Q: 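Okay, handing you the structure first.
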Amino acid sequence: MTSAVQQIQDQVQRELNGAVTIVVLGASGDLAKKKTYPALFGLFKNGFLPSNTHIVGYARTQMTHNQYIERVTQYIKTPSEEDKIKLEQFIRITSYQAGQYDQADAWIQLNKVLEENEKSRQLSKRNRIYYMALPPSVFIPVAQGIKQYVYNPDAINRLVVEKPFGMDTESSNELGAALGALFKEEEIYRIDHYLGKEMVKNVMNLRFANIFFAHAWDRQFIDNVQITFKEPFGTEGRGGYFDDFGIIRDVMQNHLLQVLTLIAMERPISTSSEAIRDEKVKVLKCIQPIKMDNALLGQYVRDGDKPGYLEDDSLKNKDSQTPTFAALALFIDNERWEGVPFLLKAGKALNEAKVEVRIQFKNVAGNLYDDTARNELVIRIQPKESVYMKFNSKQPGLSYQTIQTDLDLSYHNRYTDLAIPDAYESLILDVLRNDHSNFVRDDELEASWKIFTPLLHAIDDPQQHVPLVTYPYGSRGPQELSDFVKKFGYDRSQHTSYAWPTQSMAQQNKL
Ligand code: BG6
């Protein structure tokens, strides 16, 4: 019997007739060296690239082959001898071509280089994947250059694009129309790297492969849902980019909303990418635009030697009102979710690194026991992937007291030899396999921007003086946060002896 890994390898091989050229546009940039190349290496190392693959880096920077290799392998880890050998082999299948993004000559030259390379590899089908690891300002000229001069009409062409997909509904639609005029929707893969994370990919399995969640997954049982993103560092050095976007555009309109969509959507008719994305769009269309009253915005300030947001050297506007923290309550107007707040919370420069979904169930009706905490289902996306269900149980022993405990699936405890691929690895593999499930469709993008655009426009308009509170670097966020989540029903009270991960029985047994 072929293993699951073998099946995927075969699928990739079949899908592309065993051959592909991957063009990494923006190969000299940060994203390419930190994410794209390490992911490509991971796929190569594990045998997931088609047997005849070549990778061409393209960017404006003039570099020798050695400088290119040095740059793109900087973040590739090779702990074992075997990895080092694999890296040597990987280096042999990649080359670099420098060129501008807006000059016909440069694109013609790139196409020539690709053709010569394909010829030398004796390819019967010249499939090409164009990976745009680029700033948004050059998305369109690059897509145009590729379509006009590099696109190969006789084979497979796939275009991979990264966020930001616009700044609001209008700019996103403009970008979508420009890309749509050049490439067919099935040729475009819009990356939201959260969709490549292990736990995010697990949400559908958890929901639809378990009968015991199916009937408790609605307004009758669930009180509120929180999706939290916390980073322990500020925007140091990235202030220029960040200040134009703010935390809502940076991680909420895309990453956190994608997670919400998976939690809230109806069961798709199948696991095909279009069936899944149809359901996502449906639920997004039921979400009302966020009201100002349902938003709490914050910006971090200095704490000790940790600088405040406005002190960042890379920040041009020293009076910036850009939020680095936001808590937003979203409501879904459908039969399943009416009245249930979905709280999205995200912040830079907080006290810890954590991304999780916390589904808090309602109080037990007619409860027999005092002091029982609410049930919660927590999906820990990172770090340390886990799913745990907080529930109440009798204190073991002679006591009849109800205590809070959990059913805990912590991956690092449960699975031996756990190797979770990086999100980018998983997503590039999906591009090779032609699976769009974990990519953003054009109508999904439009529906998601509609939810955020009115709020973002209000924040961007200095005349509207949208309130912005401060919080110290390294704190849990603005002081006002506790009242905010309480207002939307979240009950923080829990049994005093409970902490996750659960303490040992000896500790708990202290009667
Ligand atoms: C990016 C944002 O999209 O996601 C960054 O631009 C953020 O600001 C990052 O830090 C978070 O991704 P991850 O995978 O580190 O959780």
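For the numbers below, each heavy atom of this structure counts, side chains included, while hydrogens, waters and symmetry mates do not. Keep in mind that this is a model prediction, so the values were computed, not measured. Numbering of ligands and ligand atoms starts at 1, following listing order.
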Q: Say whether Q360 and N224, considering side chains only, have a donor N or O and an acceptor N or O under 3.5 Å apart.
A: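 Distance-only check passes for Q360 and N224.
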Q: May I ask you to decide whether D243 forms a salt bridge with K316, counting only side-chain N to carboxylate O separations under 4.0 Å?
A: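 Salt bridge: no.
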Q: Once the angle between the rings of F245 and Y241 is folded into 0 to 90°, is it parallel (under 30°), tilted (30 to 60°) or perpendicular (over 60°)?
A: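 Aromatic pair F245/Y241 classed parallel.
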Q: Kindly tell me which protein residues have any non-hydrogen atom under 4.0 angstrom away from an atom of ligand 1, grouped by chain and ordered by number?
A: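 Shell around ligand 1 (4.0 Å, heavy atoms): K163, H193, Y194, K197, F229, E231, R238, Y241, D250, H255, K348, Q382.
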Q: Determine, using ring centers only, whether F229 and H255 are less than 6.0 Å apart.
A: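 Between H255 and F229, the centre distance exceeds or equals 6.0 Å.
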Q: Might you confirm whether atom NZ of K84 has over 12 heavy atoms from other residues, nucleotides or ligands at distances under 6.0 Å?
A: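 Atom NZ in K84 is crowded, with more than 12 foreign heavy atoms closer than 6.0 Å.
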Q: Which atom pairs, donor and acceptor, lie under 3.5 Å between side-chain atoms of residues 195-202 and protein residues at least two apart or in another chain?
A:
| residue | atom | partner | partner atom | Å |
| --- | --- | --- | --- | --- |
| K197 | NZ | Q382 | OE1 | 2.6 |
| K201 | NZ | S426 | OG | 2.8 |
| N202 | ND2 | Y411 | OH | 3.1 |

